[in-house]
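Just so it is clear, the structure is predicted and the values come from calculations on it, not from any experiment.
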Amino acid sequence: MGAGPTGLVLALWLTRQGMAVRIVDAAAGPGTESRAMAVQARTLELYRQLDLADAVVAAGFPNPAFNLWVGGRRRARIAFGEAGAGITPYPFLLVYPQDRHERFLIERLAGLGVEVERRTELLDFEERDDHVAARLRGPQGEEIRAEAAWIAGCDGARSVVRHQIAAGFPGGTYSKVFYVADVQARGAAATGEVSVALDRADFVAWIGYDKDGRGRLIGAVEEADDVDEAGKACRFEDVSHRAMTDIGLEVERVNWFSTYRVHHRVTDRYRRGRAFLLGDAAHIHSPAGGQGMNTGIGDAINLAWKLAAVQAGRAPDALLDSYQAERRPFAERLVATTDRVFTLATAEGGFADFVRLRIAPLFAPVVYRLEAARQFMFRVLSQTLVSYSEGPMSQGRAGDVRGGDRLPFVATVDNHAPLSAMVWQVHVYGAPRPDLEAWCRTQGIALHRFDFGAAEAEAGLARDAAYLIRPDTYVAVAEPDASVANLEDWRTRHGLTLGQGAA
């Protein structure tokens with residue numbers, strides 16, 4: 001349910017793995033507002049699986065750097081290309097408006113024979129022994145009966161699916177009202193980069209769309225007396241321009257403007273039986289860092305391969321419980337992190353002003369000069385640091401790589417190229433053991449061998465270790481001794497058939 005980026009990606013990945021899908025949305029068509037802008041490096045890595053990455057990058061604008069402004073001066077600049085060099089094939093923040101992004105995904109889905117059913121909404125559903133029976137309201141108001149093996153709620157913050165399964169949505173709402181505006185601007189900060197400006201209880205974030213002054217502004221509305229609970233009834237002229245003025249940002253034209261209240265919530269239940277929650281239906285938070293849409297896409301890809309495996313009889317139903325076990329902790333950490341960032345940026349009072357105007361200008365340049373700090377910040381922002389190492393499907397450690405981690409990228413050989421296949425596979429950096437080769441043949445999975453050298457060691461990989469890679473490109477087992485017994489024990493314990501043949 002729901003044809004935003006999360007629902008569309010779920011439908012694409014399921015269809016690609018041979019599952020029949022039905023995707024419905026209450027809207028008459030795809031969104032016409034830019035909304036989410038940032039496509040992070042980890043999302044682009046995953047998009048390689050459907051040959052989407054190159055086309056998305058070509059259609060968007062790679063934003064090269066992040067700037068911090070305090071008191072009208074630029075205090076620090078992080079070049080994404082430097083911070084992300086060697087970490088990912090996509091060392092930048094891609095700006096790609098959500099309305100264009102959705103249309104692109106819809107076209108790719110249509111190319112696979114799946115059309116979005118518009119002006120169709122979910123009324124309710126009932127879980128049966130082996131399927132879900134749903135009632136829909138169609139475009140003419142008619143009632144439609146539908147059956148499916150599973151139902152996925154990608155239907156936003158007011159999710160009907162979430163209410164139906166009685167899942168809680170604990171959290172809160174920020175007291176301030178925020179605005180978002182797509183504008184044409186000029187000035188020192190009106191470049192094709194990201195800028196965040198801090199001032200006394202005022203801040204503005206600028207995301208450049210190009211090098212000609214087009215971009216997005218995000219900020220706080222200081223006086224919210226004339227703003228209703230939904231964050232409406234406010235004009236761009238009514239918001240504070242102090243932080244914009246401090247960095248010499250002059251808005252020449254406003255193309256789109258909206259206000260809203262920001263919530264920070266995570267559902268207490270990602271799954272009940274045959275129903276699942278993804279994206280904004282499961283978690284909502286501040287837009288700090290451009291993480292929301294990317295997190296929903298991550299939910300979809302995590303769930304898709306598991307549904308396909310269970311539906312094909314290659315895994316037990318218990319595999320689906322790992323969806324919540326892996327994705328909910330990440331959402332909780334993300335909400336906590338963005339909450340701290342937004343609280344610091346918008347808090348009022350003398351102490352908050354002291355931190356923003358005195359501490360931040362001293363601390364930021366020192367941190368940004370440290371390569372390790374720059375790389376860490378890039379990894380967090382790009383979501384390449386996301387790990388399921390504490391999850392039930394993860395085992396072992398070889399070098400610096402744990403079961404559950406994203407497989408490190410080695411640029412010299414592009415070891416991520418084989419990950420474009422949505423299948424189980426084993427990677428060895430060095431010499432594979434003969435019994436490991438035999439085990440892979442028995443399982444019907446590919447073994448990819450790479451030479452071990454300085455680049456592999458720098459990436460944290462271990463010589464001659466075996467890395468069992470999941471269909472969503474995360475490491476399932478990092479086996480330092482390439483022990484077939486340990487790999488087979490893990491496989492049988494989880495009841496998995498790794499090859500793509502019949503179970």
Which word best sums up how the rings of Tyr260 and Phe178 line up, parallel for under 30°, tilted for 30 to 60°, or perpendicular for over 60°?
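Tilted: the ring planes of Tyr260 and Phe178 meet at 30° to 60°.
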| Tyr467 vs Tyr429 aromatic rings, parallel, tilted or perpendicular, using cut-offs 30° and 60°? |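 Plane angle over 60°, so perpendicular.
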Q. Any side-chain heavy atom of Arg216 within less than 4.5 Å of one from Tyr209?
A.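 Yes, their side chains come closer than 4.5 Å.
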Worksheet item: Tell me, do Trp150 and Leu320 make a side-chain contact under 4.5 Å, heavy atoms counted?
Response: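 Yes, side chains in contact.
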Is it true that a side-chain atom of [X] and a backbone atom of [Y] form a donor plus acceptor pair closer than 3.5 Å?
X      : Y      : result
Glu456 : Gly453 : yes
Gln425 : Pro471 : no
Asp472 : Ile301 : no
Trp424 : Gln443 : no

Q | Positive for side chain to side chain donor-acceptor pair (under 3.5 Å) with Arg42, one of Thr473, Thr295, Thr384 | A |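 Of Thr473, Thr295, Thr384, side chain to side chain donor-acceptor pair (under 3.5 Å) with Arg42 is met by Thr473 alone.
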[atom1] ([X]) with more than 12 external heavy atoms under 6.0 Å:
X      : atom1 : result
Arg16  : CZ    : no
Glu82  : CD    : no
Glu332 : CD    : yes

Can you see whether Phe169 has Arg162 sitting over its ring - NZ or CZ less than 6.0 Å from the centre and within 45° of the normal?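 The answer is yes, since Arg162 meets both limits relative to Phe169.
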Between Asp405 and Ser389, does the side-chain hydrogen bond (donor to acceptor under 3.5 Å, both in side chains) criterion hold? Intermediate values first, please. CA-CA 6 Å; Asp405 287 350; Ser389 62; 4.6 Å; no
What residues form a salt bridge (charged side-chain N to carboxylate O under 4.0 Å, His left out) with Glu102, not counting sequence neighbours?
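Glu102 satisfies salt bridge (charged side-chain N to carboxylate O under 4.0 Å, His left out) with Arg35 once adjacent residues are dropped.
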Practice item. Report the C-alpha distance between Leu303 and Asp299 in whole Å, list the side-chain angles of each, state the deciding distance to 0.1 Å, and finish with yes or no for side-chain contact (heavy atoms from CB on, under 4.5 Å). Key: CA-CA 6 Å; Leu303 180 61; Asp299 291 343; over 6 Å; no
(request) Return each pair, listed once, that meets ring-ring contact (aromatic ring centres under 6.0 Å, His included) where at least one residue sits in residues 375-411; pairs must be two or more places apart or across chains. (result)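 Passing the test, one end in residues 375-411: Tyr388-Tyr474, Phe409-His416.
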